[in-house]
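Chain letters run A, B, ... following the sequence lines, proteins first, then strands; residues in each count from 1. Predicted model, so just to flag it, every value in this text is computed and none were measured.
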Amino acid sequence: MRVSRLMLVTLRDDPSEADIPSHKLLIRAGYIRRVASGIYAYLPLMWRVLQKVSRVVREEMDGTGALETLLPQLQPAELWQRSGRWAGYTAGEGIMFHLEDRQGREMGLGPTHEEVITYLAADLLRSYRQLPVNLYQIQSKFRDEIRPRFGLMRGREFIMKDAYSFHANEESLRQTYASMDSAYRRIFARCGLRAVAVEADSGAIGGSASQEFMVTAEAGEDLILASSDWSYAANQERAVSLAAEPIALPGGPRARGQGEPFATPGQSTIDDLCAGHGIEPCQTVKVLVLLACFEDESAQPLLVSLRGDQQLNEVKLTNAVTARCSEEHGALLDISPIDKEAVASEGLLPFPFGFTGPHLDDGLLAGSDHWNKRFLRLADSTAAELSSFVCGANSLDSHLIGAAWGSLCPCPESLDLRAAQPGDRCQHDPSQQLQASRGIEVGHIFQLGRKYSEALEARFTNEAGTEEALWMGCYGIGVSRLAQAAVEQHHDGNGICWPVSIAPFEVIVVAANWAETEQSSLSEQLYRSLQEAGVDVLLDDRSERAGVKFKDADLIGIPWRVVVGRGAADGMVELVERSSCSKRDLPATELLEALLPSLAIQRMGLSV
RNA sequence: CGGGGCGUGGCGCAGCUUGGUAGCGCGGGUGCUUUGGGAGCACUAGGUCGCAGGUUCGAAUCCUGUCGCCCCGACCA
């Protein structure tokens, strides 16, 4: 390809719409253009990058025996209703674009394809003899993100590779999951990305085990907590850790564990309370009053007890509430704090906000119009383990000191609800501390189990001749996000430094002065011989000044530059490597033998 | 949705406080000179200042509404 024919439009200034380096560079270098919020056009250079990434993905997926397919993006609501996800994905903060067709039938634009693929599996998979199978596709996904961001990082339309596997038993699922894990590591390495695998929450997709692949980068949206040797790494929403040991409350339980009231006028926060009375936050139990809203329009008040120095992990809480209530009430749509206004509009007497204790009585809910009349009571284990503590007295301007579970009130169900923090001791090795780093999630693999196959009645006949639900896994890679993540990891002050394996072109031949016949004809000759050698080569045949061409070549990030300049008369050219800036002069006749071996190695990406 | 910010030639911005009919840099076109790190000079085209109302003799500027975009939180490949 010739640069003069490439519709290359580069920008000198950073675009105002972008903040992070990769987003700025992709726009400046003429790779993408925004069409609407979170919706981008992939210009010819970008499309070549995406095709190269896709090729790596295909090769590795095909290598595991997976089958490429293409599923509809327009999907009937019915399938989503059967899996129980329609309401969660369309109501409230749901992310599915949805519409009605001319007959009034509801449809959704696919944000993911578990429903469709399971529907097909139900139709096609009948016997254990057909299993396991793993189907994948590379196509655009649609998600009405609450906040699109950072160009291709979080778009509302983006390219994803999604795969779904079906198995006769859990062991087979684990094997495919493991082979996807290693395929993913090869894919990211081949694309030149430094990526790490971290434990993850399964989120709305559901299922049991799940692992995310993170490209480490400052601009990453996710917080990773990892031990210093990286033997443990997890997304913060999933991470577990050991909380600091509590300091025992002097005096232990008082008033037979009921706690002694003391006046705490206006001290409605942990900080105020502790500062006013010489108490440590870890000696207190704070009680969060929340409301969970469900698909069936029911609402469940929650009373969550946490040790005062700990923070709630909302993902863990959401999972806990879902596990306890979704069977009866459908999808959990939202959890939010209950405030004064909500209490009043529900026709209830005021709650003692700021002075709430875990013994708050269900009687407060008796007059409720819509809410469940009993609190769902949960406690983080750090709170449950306190032998005596300070907590709200459930009346204004008063707390209790020396309260104990059992005497004050029964200890609520105890589970892990706290957010792990950087600096916490690791569970697997208390001598190590968790450290924070940021990451861009480029892949996610799940063991789904039988959630979808049961909902959509995807069954097969096993060896014993009886029917059972298929075991499923699903495996995603954000292809367009991966491409931008590569820029985030590979750029410098002059522009992008693409890894050879996913660069739109591998080599650019730059004639310093196209008007000089010696330079232009030697350039043409090298261009042809590189093409014949199977190299993806770009020829800058523009009659721009050399400086402009060098700047553009650096900006768009072609890994190798061959400069045909003053030495052309003597048959000499200059070979420049973009990433290292290393330069060497050599006879044009030796270019191929100098370049091809390096290219052959670089095309394979990082060594795994 | 809550909080913050921004919409002015293709791109990046100034002008707005204190209303008087739009300017700078880059980019585009033509010509001459230049030619290895975003050239110089000259000429030139291109904007009803997001949109709709209102105030005013007069609005890019003041007021109201509305739309769009970006940033911080929940969502996720």
By ring pair (Phe, Tyr, Trp, His ring centres under 6.0 Å), which residues pair with Phe166(A), not counting sequence neighbours?
none
Could you check whether the side chain of Asp552(A) and the base of G38(B) have a donor-acceptor pair of N or O atoms closer than 3.5 Å, going by distance alone?
yes
Between Ser543(A) and His444(A), which has a closest nucleotide on RNA chain B that is more 5'?
Ser543(A)
Does a side-chain N or O of Arg545(A) approach OP1 or OP2 of U34(B) to a distance below 4.0 Å, or not?
no
Gln300(A) versus Ser298(A), side-chain donor and acceptor atoms under 3.5 Å
no
Can you tell me if the side-chain N/O atoms of Arg143(A) get under 4.0 Å from OP1 or OP2 in C76(B)?
no
Less than 5.5 Å between centroids and less than 30° between ring planes, does Phe158(A) satisfy that with A77(B)?
yes
Would you say the side chain of Asn513(A) and the base of G36(B) hold a donor-acceptor pair, judged only by whether the two atoms sit under 3.5 Å apart?
no
With no angle test and no hydrogens, is the base of C76(B) tied to the side chain of Asp222(A) by a donor-acceptor pair under 3.5 Å?
yes
Answer yes or no: side-chain N or O of Glu574(A) and base N or O of G36(B) forming a donor-acceptor pair under 3.5 Å.
yes
What about Arg481(A), does its side chain sit under 3.5 Å from the base of C76(B) through a donor-acceptor pair?
yes
Is a side-chain donor-acceptor pair under 3.5 Å present for Asp181(A) with Gln211(A)?
yes
Using atom P in both nucleotides, what's the gap between C26(B) and U21(B) to the nearest angstrom?
27 Å
G23(B) and G5(B), which share atom name P, separated by this distance in whole Å
30 Å
Check the distance between C69(B)'s P and Arg149(A)'s CZ and give it to me in whole angstrom.
16 Å
Distance below 4.0 Å between Ser37(A) side-chain N/O and C70(B) OP1 or OP2:
yes
Between Arg147(A) and C71(B), does any side-chain N or O lie under 4.0 Å from OP1 or OP2?
yes
Do Arg154(A) and C76(B) have a side chain to base donor-acceptor pair shorter than 3.5 Å?
yes
Within 6.0 angstrom of Gln51(A) CD, more than 12 heavy atoms from elsewhere:
yes
Tell me if the side-chain of Arg12(A) makes a donor-acceptor pair with the base of G10(B), cut-off 3.5 Å, by modelled atom types.
no
Give a yes or no on whether Gln81(A) atom CD has more than 12 heavy-atom contacts from other residues, nucleotides or ligands under 6.0 Å away.
yes
